[in-house]
Every structure is written in structure tokens, then in C-alpha cells.
Protein chains: 2
Amino acid sequence: MSDHDPLADAELTFLLGMGFQLVLGEFVTRVAAAGYADLRPVHGMVFQVLKGCGATGSELAERLGVTKQAAGQIVDDLERRGYVRREPHPDGGRRRLVVLTDAAVRHLAVAGEVLHELEDELADRLGAADLAHLRETLARLIRDRAGDHPPPLRPVW
Amino acid sequence: MSDHDPLADAELTFLLGMGFQLVLGEFVTRVAAAGYADLRPVHGMVFQVLKGCGATGSELAERLGVTKQAAGQIVDDLERRGYVRREPHPDGGRRRLVVLTDAAVRHLAVAGEVLHELEDELADRLGAADLAHLRETLARLIRDRAGDHPPPLRPVW
DNA sequence: TGGCTGAGTAAAGCTGCTTGACTCGTGTGT
DNA sequence: ACACACGAGTCAAGCAGCTTTACTCAGCCA
């Protein structure tokens, strides 16, 4: 056909990257519009890790896939802005437990809502069955490449 | 069920990001093993843009979604390492045409081969029909969010 | 002639990470 | 009891890959 879709020929890697970029970009835009323009996706990852009973800086670093110094800097930043607190760790030692403040918990709720909203919209536009199939195939791809323990999600290239 | 798949509950955004990260990581590893450990994905994007008849620095910058200074720095780097040349532009002015050397053309061939190899392996493991469906749904997602002119693929967060 | 436009360049600054070197509590072996 | 290794945390410096700001230079058109 003369009007051939260039996306049909695109590399799978490109399709995945572009899909991720567009969806994440939309997510970031909406969360920023909800009053969180000062939080990047990595901060959301931090909140996910700390959700529940918190974690130490080293645990956080491992979960984020960065050095403990980098994790410390992120925590410094979030502490200054009132999203986390450092408390003495029950197990003592030099350990300190990083925990979420209410502001961070509220952000988690908003972010979760935005994610579901976005996914619902995509289900409408792409078809719920196709979206479910997309999820399922992606999950198998991830399991195939990374097993049961996918590595930390890091900025790509 | 006691043995429930945590990936089934994961956010779509997460699945897309993890899928992209794993596939791109595998791609980078294999291309590095083929002798191109000194080239990042962005260099491959540059080669894609310049493939054919080359481009000016400003055109390249626009296609990459960076400032022309950043594009100039990348071109400086690639020129030093023998992957591109700057030639006088046929249209004159201050313009200069950045074109690929044979080394870059060889890299393009290798990278293309690796991408197809990777996609064939995934077709084997996930099922050709499911992979085709994945591609098709991703293409529709991209078209839905970006129309016919998807923005440059950039490092994400 | 003189000014506008658009490509390219030069220099400095910034962000988010890393590496290297340390300090300090704690348990462990002898 | 004492030394000491270990692991968490922190300080400082460095670095990559961009951006912002500010300029130079060639053509073009009134």
C-alpha cells in the first residue's frame, strides 16, 4: 500500500522505548499538574520502597540500583522538602530508618490514581482485551529475560 | 491463589519500562560484545539520522531532541573517533554536512543484525503471534498518544 | 549599506550520579 | 577484656552529558 505505516516496520526496541516514554511522560505531566512538579519518577520509586515500614539508606540504595551515597543524597533532598524523616532504627547500630511523612503518602495515593486513570483511558482507546494482552505479553517478556527478580528500574541510556 | 504473579499486578508503566530496559540492555550488551563498547544508544540514533545523505548539526539536534550545542559535542566526539566526517554543505552558508564514515555504516549493519536476532529469539520464546500482537498494540498506543509524528526518543527520567 | 536570519561555536554552569576515603557503632574470636 | 573486622552512614571530589548564555560568521533582501 502506498500509505504504509512506518511504525509497523519499526524495531521492537524502538516501540517499547517510545511507548514507555509517552506513557511515563503523560504520567509525569499529570502528577505535576496535581501539584507535584517537584517530584521526579525516581522519587516515586523511593516512596514505593519505603511504603509500609520504611528502609535503611543501604536497603534503599540496593532497591534503586544506585550507590548508597546517591540514595543518601536523594533522601537528604526529600527530607529537606518534608517527604521523608530519618528515625533511629529499632535494631540499633549506625542504622537509621527512613520513613515516609504524610505528604509522601498523599503523593503515593495521587500517583496511583493517575496511573489507573491513564490505564483506563488506554483500555478505552486500544481495547481492554488488547491492553490485557499487552500486559500479559510484557510480563512474560520480563520473566523470560529477568526471571522472578527483575532488576531495579533505572533511567535507560 | 497463594502463588500469584506479582508482575500481573504491576503498573503498565512499570511493565513498559522494564521491558524496554531489559531489551535495550541486551541489545547494548551484544553490540558491545561485537566490538562497539564505545558506542551508546544515542550514537546509534545519530547514525540512523545521518544514514543516507547526512544532515547538518541543527537538523541532527532537532531529530535527537537536544540543543544544537549538544549535537555538536556528540559529533565532535564521533568525529574524533572516526565515525563521522564534516563536509562542506552543497547549499553553502555556514552550513556543514555531517556524514557517516564506513566504520559507522558497518556499525549500523551489526546493530540491525543484533536487533533482528533479538526479536527472532523473543518470537521463539513468547510466540510469534503474541509478539506480533505486542508490536501492533504498541504501534497503536504510540499513534494514539503522539499521532503520526512521534517525538524524538530520549533517555527517560 | 545595513540589518535580519539561521548555522555554528565557545565557555560556563548544572544535575545526578560515581569513586575514594573516612567515621562510627556493634558483634565476634581469642 | 581487647582487638578488630564489618557494615551503615557520611564527606568530598570528580565526571558525563546535558543546558544556558553569549558570541561569530555567511547569506539574503530592502
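If you're wondering where the values come from, they're calculated on a predicted model, not measured in any experiment.
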By nearest nucleotide on DNA chain D, pick out whichever of B:Arg154 and B:Asp91 is the more 5' one. B:Arg154

Run the salt-bridge test on [X] and [Y] with the 4.0 Å N-O cut-off and return the result as yes or no.
X: A:Arg81; Y: A:Asp77; result: yes
X: B:Arg145; Y: A:Glu121; result: yes
X: A:Asp144; Y: A:Arg140; result: no

Atom-pair distance ([atom1] on [X]; [atom2] on [N]), nearest Å:
X: B:Arg96; N: C:dA7; atom1: CZ; atom2: C1'; answer: 11 Å
X: A:Leu97; N: D:dA8; atom1: CG; atom2: P; answer: 14 Å
X: B:Leu39; N: D:dA16; atom1: CG; atom2: C1'; answer: 16 Å
X: B:His89; N: D:dG27; atom1: NE2; atom2: P; answer: 13 Å

Please check if atom [atom1] in [X] has more than 12 non-hydrogen atoms from other residues, nucleotides or ligands closer than 6.0 Å.
X: A:Arg143; atom1: CZ; result: yes
X: B:Glu87; atom1: CD; result: yes
X: B:Glu117; atom1: CD; result: yes
X: A:Arg63; atom1: CZ; result: no
X: A:Glu62; atom1: CD; result: no

Geometric class of the B:His107/B:Tyr36 ring pair [parallel <30°, tilted 30-60°, perpendicular >60°]: perpendicular

Counting just side-chain N and O atoms, does [X] come under 4.0 Å of either OP1 or OP2 of [N]?
X: B:Arg86; N: C:dT9; answer: yes
X: A:Arg40; N: C:dC17; answer: yes
X: A:Arg94; N: D:dC6; answer: no

Which of residues 21-38 of chain A sit near DNA chain D, with a heavy atom under 4.0 Å from it?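 Under 4.0 Å from DNA chain D: no residue of residues 21-38 of chain A.
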
Got a sec? Which of residues 53-81 of chain B come in under 4.0 Å of DNA chain D, heavy atoms?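 When residues 53-81 of chain B is checked for heavy atoms under 4.0 Å from DNA chain D, the hits, listed by number, are B:Val66, B:Thr67, B:Gln69, B:Ala70, B:Gln73, B:Ile74.
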
